[in-house]
Amino acid sequence: MTGIVDAPPAFTPAKSLLKDGDHSPAQVLATLDLADRLKAQRRAGTETPGLMGKNVALVFEKASTRTRSAFEVALRDQGGAGVYFDSTSSHMGSGESVEDTAKVLGRMFDGIAYRGFDQTDVEQLAEFSGIPVWNALTDQWHPTQALADLMTMRESAARGFGDMSVCFIGDSSDNVARSLMVSAASLGVDVRIASPAGYQPDDRTIAMSEEAAKASGGSVTVTADIDTAIDGVDFLYTDVWLSMGEKESLWEERITALRPYRIDESVIDATRNPHVKFMHCLPSFHDRATTIGRAAFEKYGLDGIEVSDHVFRSDHSIVFEQAENRLHTIKALMIESLSPRSVTGSQA
Ligand code: CP
Ligand code: NVA
């Protein structure tokens with residue numbers, strides 16, 4: 001006789017995403033597959049709401065264009081609702097502890113998207129709220145970015161992750177690089193990091209990536225030698241050289257250290273792959289249209305900091321595909337965490 005204890009679970013339990021590696025490679029692939037289907041449905045006008053009645057708190061302590069938009073539009077598309085808190089409009093951190101805030105949000109919302117500084121804050125939100133929490137960027141990790149990056153790579157390459165290579169160039173100690181490194185390695189990608197000493201990922205992240213690559217059949221190379229790292233690579237990836245929350249006074253030393261790792265046409269040529277794609281999480285200082293971009297030109301003669309405007313706007317660039325895919329992947333992530341439908345396959 002099949003008793004209630006023997007019955008298979010109707011759906012995978014709701015899951016937070018606090019950092020890369022929290023979800024198994026199979027779960028990540030399921031999220032990417034669902035994101036592909038949701039993208040096609042949105043284009044065809046056949047999307048059906050899977051987040052009806054779900055309320056999500058969007059707690060953002062740093063600025064955002066893409067991530068906030070992705071969460072809010074995904075919720076609207078799927079029949080749910082988001083409540084946005086910026087750094088001054090909730091008590092968290094100044095007038096109320098993260099623990100107490102988490103306990104309150106957990107009683108009113110179905111999920112929390114959190115963008116902030118230290119990773120311990122997002123971990124505490126998950127621990128004390130009792131509801132799924134998605135890391136929308138901390139100083140250490142940017143896992144929802146990595147989901148969009150992987151979706152874009154698969155879409156662009158039209159082949160499996162085991163047959164792809166990506167090289168992150170620049171400040172590889174930052175959140176975007178670390179998330180890409182662990183997530184791509186766990187799906188079997190040939191991951192290369194090209195950064196000078198002092199800007200490479202920490203030993204723990206390298207060890208996490210190497211362990212993930214060992215299990216997936218991928219590989220991880222960390223080197224200061226850009227020419228070796230980019231040889232024959234499919235995707236070149238970079239990010240800003242100074243992340244949100246870092247002191248502006250660090251610009252000078254960053255530009256001095258990372259200038260040899262700036263992506264321009266000569267780097268594209270040196271890959272020896274005419275089809276190489278350029279990736280960037282955005283926002284980017286690729287021209288003089290921002291205050292910082294203008295200052296870099298006036299002070300250092302750099303027209304475009306981490307990447308030249310020419311490469312950014314070239315046919316190699318897939319940066320706006322990446323940006324759009326933030327929406328589809330974040331939508332898939334929320335549906336998988338909050339709705340049992342996707343696990344039974346009825347979402348397709
Ligand atoms: N890539 C990214 O996270 O962009 P936003 O800071 O605009 O959300
Ligand atoms: N490394 C950047 C990413 C922005 C999306 C930052 O943290 O500011």
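Atoms within each ligand, like the ligands themselves, are counted from 1 in listed order.
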Which ligand 1 atoms, with their elements, are less than 4.0 angstrom from a heavy-atom of H142? 2 (C), 3 (O)
Flag H142 as yes when one of its N or O atoms lies below 3.5 Å from any N or O atom of ligand 2, and as no otherwise. no
Proximity winner for atom 8 (O) of ligand 1, if only heavy atoms of T144, T67, L137, V176 are counted: T67
Is a salt bridge present between D309 and R288, judged by a nitrogen-to-oxygen distance below 4.0 Å? no
for atom 4 (O) of ligand 1, nearest protein heavy atom and its distance come out as R66 NE, 2.8 Å
Is it true that a side-chain atom of Y261 and a backbone atom of A224 form a donor plus acceptor pair closer than 3.5 Å? yes
Just so I know, are the side chains of V307 and F285 near enough to count as touching, which here means a heavy-atom distance under 4.5 Å? no
Should you measure from each heavy atom of D174, which atoms of ligand 2 turn up under 4.0 Å away? 1 (N)
Return yes if some donor-acceptor pair links the side-chain N/O of S317 with the main-chain N/O of S314 below 3.5 Å, else return no. no
For M244, is at least one N or O under 3.5 Å away from an N or O on ligand 2? yes
So F60 and Y84, would you call those rings parallel, tilted or perpendicular, with 30° and 60° as cut-offs? tilted
What residue and heavy atom of the protein are closest to atom 7 (O) of ligand 2, and at what distance? N175 ND2, 2.9 Å
Specify the protein heavy atom at minimum distance from atom 7 (O) of ligand 1: its residue, its atom name, and the distance to 0.1 Å. T65 N, 2.6 Å
Under 4.0 Å from a heavy atom of L282: give me the atoms of ligand 2 that qualify, with their elements. 5 (C)
Looking only at protein heavy atoms, identify the closest one to atom 3 (C) of ligand 2 and say how far it is in Å. D239 OD2, 3.6 Å
Identity and separation of the nearest protein heavy atom to atom 2 (C) of ligand 1: R326 NH1, 3.3 Å
Closest heavy-atom approach to atom 6 (O) of ligand 1 among Q145, R115, M244 is made by R115
Looking at G106, is its backbone amide N or carbonyl O close enough to the side chain of S129 to form a donor-acceptor pair, meaning the two atoms are under 3.5 Å apart? no
